[in-house]
Number of protein chains: 2
Amino acid sequence: MEKIPRPVIRRLVVYYRCLERMKGEGKEYTSSKELARRLGIKACQIRKDLSYFGGFGKRGVGYKVENLRERLEEILGIGQKWRAVVIGAGNLGKAIAGHKPLQQQGFEIVGMFDTDGRKIGKKFGNLEIMHMSDLKKFVEENDVKIAILCVPADSAQDAAKAVEEAGVGGILNFSARVIKVSIPVENVDFTASLKSLAFQIIKRKGKA
Amino acid sequence: MEKIPRPVIRRLVVYYRCLERMKGEGKEYTSSKELARRLGIKACQIRKDLSYFGGFGKRGVGYKVENLRERLEEILGIGQKWRAVVIGAGNLGKAIAGHKPLQQQGFEIVGMFDTDGRKIGKKFGNLEIMHMSDLKKFVEENDVKIAILCVPADSAQDAAKAVEEAGVGGILNFSARVIKVSIPVENVDFTASLKSLAFQIIKRKGKA
DNA sequence: TAGATTGTTAATCGATTAACAATC
DNA sequence: TAGATTGTTAATCGATTAACAATC
C-alpha cells in the first residue's frame, strides 16, 4: 500500500461521519461536490483522498452513500470493537471514560488505572480503578488495544512507558507533554490548542 | 507581520513549556540543539520558527532561557488572563471547567452554559450553570474572550452561532462536527484522533 | 584566533489544488 | 448523444530541512 499522508486519515473520518448522517437522512447517492459543500473542503481533495484506497464511485453518477460508508468503515477499522483503558482517574480521565459517543463508535473502556493509593479500588460507574502495577496483566487478559493517557504532564513519560511495556497497541495522549514510545501515538493537547487560539485572537484584534 | 504558518504557533507553545521547565531546573542558557533534543524536533526548525518573530539568541552562545521564555509569553499572549466560558455542562464540559492546568496557564473559566432546563441554576464548583439565552449579556458584562464548546455534535452549529453572536473572540471546539463561524476556531476532535489511531494500529499490525 | 551557534537563504519534500481525459 | 462526475496526472503551494555566512 502506498504511503498515506496523515491528514488524509483525519479527513476520511470526517467523510465517514458525514456519510453516516446522509444515511440517516435517507440519502442514497452523493458526490464529491456535495460532500465538499457540506464539509467546507475542496471536491478534488475528497476524490484524491479516496483514490489512495481505490475507486468507490461511478463516473457521471457519484458515490452510493451506504457503499462508501461501508468501505470507509472497513478502511478505518470502525467496524471492529476497540478495547481501551484510561490511565489517570482524574476529572479528565473520568469524563473520557464516561463519554457516551465513544461507546457508540466502537471504543469500549474496559479499565481505569492510577497510581494514587487513595483512588485504587474505588468504583467509577462499573469500572474499578486499578493500580498501574496491574496494567500488564490486565492488558494481556483483556486484549486491550488502546490506552488513553489522562495523567499530569510530569507523569506522562513514565505512564507511556508502562503502557508500551504492557503490550498496548497505541496511545491517545491527552497530557501536555511529548511522549517518546515506539507504538503509534495521537496527541490531543488542548491547552496548546487554547494558547494557539489565544494567539489567533490577538492577531485578529490587531487587524480589526 | 509576515504570515505565520499555523504549525509554527503550536510548536511555539511546546517550546514555551520546555523553557518553563528549564527555568524550573535553574538552567540559564540553552540552544536550538538542546531544545531539539528534548522535544524530538530538528534544531533548524526551531530557529526558523523563532525567526518569524525576530532574533532572540546570540550566535555562538545560544538563547537565554528566561529571556526567550518571556518573549514567547508575550508573543503567545500567555501573560494576559483569558476569560472563558464552557458551553455544555455534561461530563466533558465539567472536566474542562475543573481542569487545573488551565487555571494555572491563564485561562479562567467564568461561566457554564447549557440548554437543558434541569441543569440550569445548579452549581458546579462555584459556577452556576446558566441558560444559553443569557450568554450574550454575560459575555458583554464579563469580558469573555473564549468559548469552549462541549456540546453534542448535533447542537454544535447552533451553539457556535450563538457564541459568535454573543461577541466572543474565538472557539475551542470539542464537538465532533465542523462548525462554520467567522471567528477563529481550534478543533479538538478526539474521537477522530482515536479513529486515526485505530487505523495506524491496523496498518502496523499488517506489517508486523 | 578557534569553536560554537545563530539567523537566513536555498533546496527539498509533501500536501493541496487544478485540470482533464475517461466513462457512466 | 449531451451532461455529469469520477479518478488521476500535472502544477502549485506551503512547510520542513539543509547549508552556510555572519558573528559571538
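So you know, we letter chains A, B, ... as the sequences are listed, proteins then strands, and number each from 1.
Under the 6.0 Å distance and 45° angle rule, A:K27 does not count as a cation-pi partner of A:Y29.
Whole-Å rounding puts the B:Y52 OH to C:dT6 P distance at 17 Å. Rounded to an integer number of Å, the gap from B:I41 CD1 to D:dA15 C1' is 14 Å. The distance from atom CG of B:L68 to atom C1' of C:dT6 is 12 Å, rounded to the nearest whole Å. One interatomic measurement links the two molecules: CG of A:L12 to C1' of C:dA15, which rounds to 15 Å at whole-angstrom precision. Taking atom CZ of B:F53 as the reference point, atom P of C:dT8 lies 14 Å away to the nearest angstrom. Per the geometry, CZ belonging to A:F56 stands 18 Å off C1' belonging to C:dC24, to the nearest Å. Atom CG of A:D49 and atom P of D:dT8 are 13 Å apart (whole Å). To the nearest angstrom, C1' of C:dT5 lies 18 Å from NZ of B:K64.
By the side chain to side chain donor-acceptor pair (under 3.5 Å) test, A:R59 pairs with no residue at all, sequence neighbours left out.
B:K81 NZ: more than 12 foreign heavy atoms inside a 6.0 Å radius.
Neither OP1 nor OP2 of C:dC24 sits under 4.0 Å from any side-chain N or O of A:Y29.
The pair A:R10-A:E186 counts as a salt bridge, with a side-chain nitrogen and a carboxylate oxygen less than 4.0 angstrom apart. With salt bridges taken as basic N to acidic carboxylate O contacts below 4.0 Å, one links B:E25 and B:R38.
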Review point. For DNA chain D, what is the dot-bracket line, given that a base pair needs Watson-Crick (N1 to N3, plus N6-O4 or O6-N4) or G-U wobble (N1-O2 and O6-N3) geometry with both distances under 3.5 Å, and | means paired with another strand?
Key: ..||||||||||||||||||||||
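As judged by a 4.0 angstrom heavy-atom cut-off over every strand, A:K33 is placed among residues making no nucleic acid contact.
Side-chain contact check for A:I148 versus A:I109: some heavy-atom pair is nearer than 4.5 Å. Residues B:E20 and B:Q105 fail the side-chain proximity criterion, which asks for heavy atoms closer than 4.5 Å. Residues A:I202 and B:Q80 are in side-chain contact: their nearest non-hydrogen atoms beyond the backbone lie under 4.5 Å apart.
Using cut-offs of 30° and 60° on the angle between ring planes, the pair A:F190 and B:H99 is tilted.
Of the two residues contacting DNA chain D, namely B:Q45 and A:S32, the nearest-nucleotide position lying further toward the 5' end is that of A:S32. Judged by closest nucleotide on DNA chain C, B:S31 is the one of A:V8 and B:S31 placed further toward the 5' end.
Here the side chain of A:C44 is nearest to one of D:dC24, C:dA19, D:dT16, namely C:dA19. Side-chain atoms of B:K42 lie closest to D:dA18 of the nucleotides D:dT5, C:dT6, D:dA18.
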Find every protein N or O atom lying less than 3.5 Å from an N or O atom of nucleotides 20-22 of chain C, and list the pairs.
unit_1: C:dA22; atom_1: N3; unit_2: A:R59; atom_2: NH1; d: 2.9

